[in-house]
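Structure record follows, encoded as structure tokens.
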Number of protein chains: 2
Amino acid sequence: MEDLSLSTLIWLRMVRFVQNSNQLSNDHLRQFGLTVAQFEALAHIRNFQPVTQTDLAKGLTVSGGGISRMLARLEREGLIAREQTWKTKHITLTEAGLDVLERAFPSQLHQQSALFDDVLDEDEQRTLHALMKKLYDHSLAERAAAEEND
Amino acid sequence: MEDLSLSTLIWLRMVRFVQNSNQLSNDHLRQFGLTVAQFEALAHIRNFQPVTQTDLAKGLTVSGGGISRMLARLEREGLIAREQTWKTKHITLTEAGLDVLERAFPSQLHQQSALFDDVLDEDEQRTLHALMKKLYDHSLAERAAAEEND
DNA sequence: ATTGATCATTTGCCCTGTCAACTGATAGAC
DNA sequence: GTCTATCAGTTGACAGGGCAAATGATCAAT
């Protein structure tokens with residue numbers, strides 16, 4: 001076992017934390033018949049509807065293909081509607097979609113926040129937020145740079 | 001758009017950062033014909049071989065089913081060997097597996113570390129590491145608690 | 001009007017990953 | 001010795017997601 005660098009250790013903890021957190025969210029959302037990805041898609045649609053698939057894909061950072069399939073499932077289950085105008089499809093929540101989102105939203109956000117609030121005080125959260133912003137912005141720039149020379 | 005709590009903002013940034021980072025790693029590892037998951041599996045096997053599938057699954061935090069499939073692919077490509085003794089299978093790297101791992105390892109670790117080293121100094125990394133440890137440990141405890149009452 | 005270029009979306013093929021049901025093998029209990 | 005509980009691993013059905021090739025629809029130039 002080689003000795004890992006500090007950044008590698010941070011990376012490992014972060015990946016595992018995100019995995020655990022997603023797992024917990026999935027367990028929690030199961031009672032509403034939703035997955036984390038679906039919950040996030042519904043929440044994003046509610047905030048931006050009507051929205052095109054391309055914009056939704058960007059907002060959720062998934063590929064066009066991925067969003068197409070997920071929306072097909074959500075449509076099949078009657079949670080969203082896709083209205084085609086011209087060449088783009090505009091996505092909106094159905095009654096059922098809004099209903100399940102409103103039932104799931106509060107407890108999901110609470111469950112999610114608790115993971116942070118239970119162990120980090122306000123100051124620590126501010127610090128973490130600032131650090132994550134730096135990392136996130138940098139990773140975005142790297143992704144953009146990778147796009148360029150392809 | 002509701003105003004999101006600080007913890008939710010941190011969460012979003014962290015998830016997106018991990019996504020971006022994984023994507024960058026996948027792009028990088030493509031030249032070696034590996035995915036991030038495969039890279040991590042090979043690295044883990046090298047450090048602990050010979051190792052059983054169950055232990056490997058625990059080490060990588062994936063389910064037994066998931067590890068079974070991934071190892072089947074790695075075996076098909078000749079990167080690992082599975083030796084069955086009694087009821088358990090012991091996994092080791094093949095020559096080819098060790099070779100590709102040793103070619104990919106340095107640049108992958110470097111690429112990975114750069115994401116942190118480029119924007120965070122030593123102090124910031126120590127702070128982040130400490131915060132992530134708290135979060136990670138807490139998420140582990142929560143997962144354990146969820147297991148209990150099922 | 002026809003031909004192309006362009007953009008949104010879909011689809012085939014693949015990898016990752018979960019869960020639950022199933023197979024095989026071993027170890028005890030009788 | 002047989003029967004059963006248990007444990008390692010596999011497999012089917014599914015969701016999530018990537019990439020690349022194919023569709024479809026619009027728009028611009030001829």
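Below, chains carry the letters A, B, ... as their sequence lines are ordered, and counting in each starts from 1. What you see below is based on every heavy atom in this structure, not just the backbone, and it leaves out hydrogens, waters and symmetry mates. All values reported here derive from a predicted model rather than from experimental measurement.
Proximity note for A/Arg69 (side chain, C-beta onward) versus D/dG9, D/dC19, C/dG17: the nearest is D/dC19. Nearest nucleotide to the A/Val62 side chain, out of D/dG17, C/dT18, D/dT11: D/dG17. Out of C/dT10, D/dA8, D/dG18, the shortest distance to the side chain of B/Thr54 is found at D/dA8. Nearest nucleotide to the B/Thr52 side chain, out of D/dG9, D/dA15, C/dT9: D/dG9.
Applying the side-chain hydrogen bond (donor to acceptor under 3.5 Å, both in side chains) rule to B/Gln49 yields no partners; only residues at least two apart in sequence or on another chain are considered.
Contact check on A/Glu77 versus A/Arg73 returns no salt bridge, with no Lys/Arg side-chain nitrogen under 4.0 Å from an Asp/Glu carboxylate oxygen.
Whole-Å rounding puts the A/Leu56 CG to C/dT9 C1' distance at 13 Å. Atoms CE (A/Met70) and P (C/dT16) sit 19 Å apart, rounded to a whole Å. Rounded to an integer number of Å, the gap from A/Asp55 CG to C/dC7 P is 14 Å. Separating the CD atom of B/Gln53 from the P atom of C/dG24 is a distance of 16 Å, rounded to the nearest angstrom. Look at CG on A/Leu42: it is 15 Å from P on D/dA15, rounded to the nearest Å. If you measure from atom CG of B/Leu71 to atom P of C/dC15, you get 14 Å, rounded to the nearest angstrom. Rounding to whole angstrom units, NZ of residue A/Lys89 and P of D/dT23 are separated by 16 Å. The distance from atom CG of A/Leu74 to atom P of D/dG17 is 11 Å, rounded to the nearest whole Å.
Residues A/Leu9 and B/Met132 form no side-chain contact, since every pair of their non-hydrogen atoms from C-beta on lies 4.5 Å or further apart. Residues B/Arg103 and B/Val100 meet the side-chain proximity criterion, which asks for heavy atoms closer than 4.5 Å. Looking at A/Leu128 and B/Leu135, their side chains come closer than 4.5 Å, going by heavy atoms from C-beta outward.
In this pair, A/His28 and A/Phe32 present their aromatic rings perpendicular. The plane angle is above 60°, beyond the 30 to 60° band.
Contacts between residues 19-37 of chain A and DNA chain D, defined by a heavy-atom separation below 4.0 Å, involve A/Thr35, A/Ala37, listed by number.
Exactly one of A/Arg30, A/Gln108, A/Glu40 qualifies for a side chain to side chain donor-acceptor pair (under 3.5 Å) with A/Ser25. That residue is A/Gln108.
Comparing B/Gly65 and A/Gly66 along DNA chain D, the residue whose closest nucleotide (by nearest heavy atom) sits nearer the 5' end is B/Gly65. Summary of the strand contacts: A/Ile91 and B/Ile67 both lie near DNA chain C, and taking for each the nucleotide with the nearest heavy atom, the more 5' one is attributed to A/Ile91.
Distances shorter than 4.0 Å separate none of the side-chain N or O atoms of A/Arg73 from OP1 or OP2 on D/dC14.
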